[in-house]
Amino acid sequence: MSVVLGICGVFVGCILNAVCLEFSVKADPGCGTLITFAQFSFIAVEGFLITSRCGTKPRNIPIKNYLIIVVVFFVCNVCNNFAFDFNISMPLHMIFRSGSLFTNMLMSIWVLKKKYPLSKFVSVGLITAGVIICTVVTGKNLESSSKGEEPSKDDPLQKTDQNNGFILWLLGIALLIFALFVSALLGVFQETLYKKYGKHPYEALYYIHMLSLPIFLPFFNNLKKHYNIMMESAPLLLPWLNIHAPCMLIYLIGNMVSQYLCISSVYLLTTEASSLTVTLVITLRKFLSLLLSIVYFGNEFTIWHWVGTILVFVGTLIFTEVPSKSYIQFKEKLS
């Protein structure tokens, strides 16, 4: 029953989170920092009340060991959400984040001196190729669309705006690449910490989010600006309450709740199900989120985007050994 609840929670929470996030960034592309702050605040409050029992439960890991992880985790999340302010579409964002296996593997080889079989390098090569294809195709489409629009004689600054849009997109790609390497560094820190003190995922989830909150202070003006934009957004009727509320506020609340449901369900699934089941569920969830973003929100997706996406998902399955493990389990059932 726990496995079923975990799987349902992953699909409902993570896909709903992707939907709420896309609604938010389409209404206000610069709201990424506000979304990150809201998510961190929600998880910190929940962790204080439940995980730490209002601060009465002793920690398993000394708080000083969380500080480096806090900085790295904060930078990674802010960069990923801030990228939407640089003309990065949701499908490209999803595909790009799937390339984290490459940077994680690179960091593990460099820092932890790990060795990997040939199949891992093949899978990472497929993932990297898929990400590059999607990125190049998106870049060419954006550049050609900018060039295809002749600047108006009455508006000589239009051409400059088009060029600036492409440059902003390149900066967004650079931001995502930086976030990938920061995420890989975070994985190395966490692996080292858990080897020393054991795995305490819910404690780590709470303290990492709670200790990150003061870092938002330099972003106060940004948060205030996008909070005002959110509160001035078009009103949306809540039938069950018969009241109107700003639509972006509803998206934000939905994002916070679904983010917590998504994360907690993944943690539940990792404790109750096999790694094969977890990998299959997460991979399928990503694919469904991508399809929903393309079909429902009408994001541009060419045949080359599909080629890149297939390479990413095939590479992910090979890396996590899903095909080989499935074959072994199938043979065991037959015998």
Side-chain angles (χ1 to χ4, degrees), residues 1-7 9-10 13-14 36 39-77 80 97 100-101 103-117 120 179-215 259-283 285 316 319-322 325:
M1 189 63 183
S2 297
V3 175
V4 175
L5 289 175
I7 293 174
V10 168
C14 298
T36 306
Q39 291 174 345
F40 278 45
S41 300
F42 184 86
I43 294 175
V45 171
E46 185 278 337
F48 177 75
L49 296 175
I50 298 176
T51 304
S52 75
R53 298 171 190 168
C54 298
T56 59
K57 184 179 179 180
R59 290 184 301 274
N60 294 287
I61 300 175
I63 199 166
K64 64 179 181 180
N65 290 280
Y66 283 120
L67 295 180
I68 296 178
I69 293 180
V70 163
V71 175
V72 177
F73 182 73
F74 176 83
V75 171
C76 179
N77 276 270
N80 276 317
R97 293 189 69 176
S100 59
L101 283 176
T103 51
N104 286 338
M105 187 176 180
L106 193 64
M107 282 291 184
S108 296
I109 293 173
W110 180 38
V111 179
L112 301 177
K113 309 300 179 185
K114 286 189 173 183
K115 295 182 179 180
Y116 293 94
K120 301 293 185 185
L180 281 179
F181 280 96
V182 172
S183 176
L185 191 62
L186 174 65
V188 171
F189 285 147
Q190 287 178 321
E191 186 172 344
T192 304
L193 192 65
Y194 292 156
K195 280 183 178 178
K196 184 176 181 181
Y197 295 101
K199 293 183 179 181
H200 305 283
Y202 291 105
E203 176 185 302
L205 183 69
Y206 161 58
Y207 280 102
I208 289 172
H209 285 80
M210 184 269 292
L211 293 172
S212 296
L213 291 179
I215 309 178
Q259 172 78 354
Y260 174 75
L261 177 61
C262 176
I263 293 177
S264 59
S265 297
V266 171
Y267 280 131
L268 173 63
L269 204 58
T270 55
T271 58
E272 298 291 338
S274 66
S275 59
L276 175 63
T277 301
V278 175
T279 303
L280 282 172
V281 170
I282 292 176
T283 303
R285 190 278 303 172
T316 302
F319 188 93
T320 51
E321 301 177 354
V322 168
K325 289 179 180 178

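- Looking at heavy atoms from C-beta onward, I208 lies in side-chain contact with Y66 at the 4.5 angstrom threshold.
- Atom CG in N65 sits 13.0 Å away from atom OH in Y207 (nearest 0.5 Å).
- A heavy-atom distance below 4.5 Å is found between the side chains of Y260 and E46.
- With rounding to the nearest 0.5 Å, the separation of SG in C14 from CG in L261 is 7.5 Å.
- Separation of atoms OG (S264) and CD (Q259) is listed at 10.0 Å; rounding is to 0.5 Å.
- Side-chain N or O atoms of S183 include none that pairs as donor or acceptor with a backbone N or O of A179 at under 3.5 Å.
- Within the 6.0 Å centre-distance limit, the rings of H209 and F73 are counted as a close aromatic pair.
- I69 is not listed as a side-chain neighbour of L211, based on a closest heavy-atom distance of 4.5 Å or more.
- The number of heavy atoms from other shown groups lying within 6.0 Å of CD1 (I68) does not exceed 12.
- The two atoms that bring F48 and G55 nearest to each other are CE1-N, 3.8 Å, heavy atoms only.
- Formation of a donor-acceptor pair under 3.5 Å by the E203 side chain with backbone atoms of R59 is not found in this model.
- The distance from the CG atom of L205 to the CD1 atom of I263 is 5.5 Å, given to the nearest 0.5 Å.
- L193 has its side chain within reach of I61: a pair of non-hydrogen atoms, C-beta onward, lies under 4.5 Å apart.
- Looking at C262 and V10, their side chains never come closer than 4.5 Å, going by heavy atoms from C-beta outward.
- For K57 against T51, the heavy-atom pair with the smallest separation is CD-O, 3.2 Å.
- Residues S52 and Y206 approach most closely at CB-CE2, 3.7 Å, considering heavy atoms.
- Side chains of R53 and T56 form a contact here, defined as non-hydrogen atoms less than 4.5 Å apart.
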